[in-house]
Amino acid sequence: MHPWILSALGGVLIGLSAVMLMVTLGRIAGISGIASGLLTGASDRGWRVAFVLGLVAAPLLLLLLRGDAGIGAPQVGWPLMAVAGLLVGFGTRLGSGCTSGHGVCGMARLSPRSLLATLVFVLSGVVTVFVMRHLLGSGGA
């Protein structure tokens, strides 16, 4: 299957899961908020665990069906990935949400705060790629 078809299918599934969560539980599908609720001991852990398990199970299912998980191998070392993960976590707390909450759900609800947050996410990504590839000379092909 062509990569753009898989990407489009993935986008449709993300949108459907966000709509299903909103319709069935009245919750916004922000992954950082869902994971945060698991770590802080929220009383509604059942659906949160199911959601996170679904996120983990999808690439495992793809691995079984296709022979690869469709996410590729890391292009940088673990220390850089750990630093990047910490920065993403800090940015997520600072922005009161992540790309899924603001970018998928917030943008669909025409939230001005989510529009601003998504613009900051995208610009941060562009600056990071530029620095990694052109100033530091790393970060993959």
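Everything quoted here is computed from the prediction, not taken from an experiment. We use all heavy atoms of the structure for the numbers below, so side chains are in, but hydrogens, waters and symmetry mates are not.
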Exercise. Who passes side chain to side chain contact (heavy atoms under 4.5 Å, CB included) against M20, sequence neighbours left out?
Worked result: none
Exercise. Would V76 end up clustered with V127 when hydrophobic side chains under 4.5 Å apart are linked, directly or stepwise?
Worked result: yes
Problem set entry | Euclidean distance, M22 CE relative to T24 OG1, rounded to 0.5 Å | 10.0 Å
Exercise. Taking atom OG of S36 and atom CD1 of I31, what is their separation to the nearest 0.5 Å?
Worked result: 12.5 Å
Please tabulate, one pair per line, all N/O donor-acceptor pairs under 3.5 Å involving side-chain atoms of residues 60-72, not counting sequence neighbours.
| residue | atom | partner | partner atom | Å |
| --- | --- | --- | --- | --- |
| R66 | NH2 | D68 | OD1 | 2.9 |
| R66 | NH2 | D68 | OD2 | 3.3 |
| D68 | OD1 | G70 | N | 2.7 |

For this session: Identify, with sequence neighbours excluded, every residue that meets side chain to side chain contact (heavy atoms under 4.5 Å, CB included) alongside L21.
Result: L25, R27, A29, I34, W47, F51
Exercise. Which residue pairs satisfy the ring pair (Phe, Tyr, Trp, His ring centres under 6.0 Å) criterion with at least one member in residues 54-88, sequence neighbours excluded?
Worked result: none
Seminar exercise, completed: All heavy atoms of R45 vs all of L38, minimum pair found to be NH2-O, 3.1 Å
Exercise. Are V131 and M81 connected in the hydrophobic side-chain network, where two residues link if heavy atoms are under 4.5 Å apart?
Worked result: yes
For this session: Apply side chain to side chain contact (heavy atoms under 4.5 Å, CB included) to L94 and list each qualifying residue two or more places apart in sequence or on a separate chain.
Result: F90
Seminar exercise, completed: Residues joined to L87 in its hydrophobic cluster, side chain to side chain under 4.5 Å directly or through other members, sorted by chain and number, are V83
Seminar exercise, completed: So CG of L9 and NE2 of H2: to nearest 0.5 Å the spacing works out to 14.5 Å
For this session: Can you run down the salt bridge (charged side-chain N to carboxylate O under 4.0 Å, His left out) pairs that involve residues 72-92, sequence neighbours left out, and say none if there aren't any?
Result: none
For this session: Show which residues join L39 in its hydrophobic cluster (side-chain heavy-atom contacts under 4.5 Å, direct or indirect), or state none.
Result: none
Exercise. CE/M132 to OG1/T128 distance, rounded to the nearest 0.5 angstrom?
Worked result: 8.5 Å
Exercise. Would you say V126 and V129 are hydrophobically clustered, going by side-chain heavy atoms of ILVMFWY under 4.5 Å?
Worked result: no
Exercise. Taking the hydrophobic residues Ile, Leu, Val, Met, Phe, Trp and Tyr, and joining any pair whose side-chain heavy atoms are under 4.5 Å apart, which ones share a cluster with I14?
Worked result: V104
Exercise. Salt bridge (charged side-chain N to carboxylate O under 4.0 Å, His left out): which pairs involve residues 99-112, sequence neighbours left out?
Worked result: none
Problem set entry | H102 side chain vs G95 backbone, donor-acceptor pair below 3.5 Å | yes
Exercise. Does S111 have any side chain to side chain contact (heavy atoms under 4.5 Å, CB included) partners at least two apart in sequence or in another chain, and if so, which?
Worked result: R113, S114
Exercise. What pairs with R93 under salt bridge (Lys or Arg N to Asp or Glu O under 4.0 Å), at least two apart in sequence or on another chain?
Worked result: none
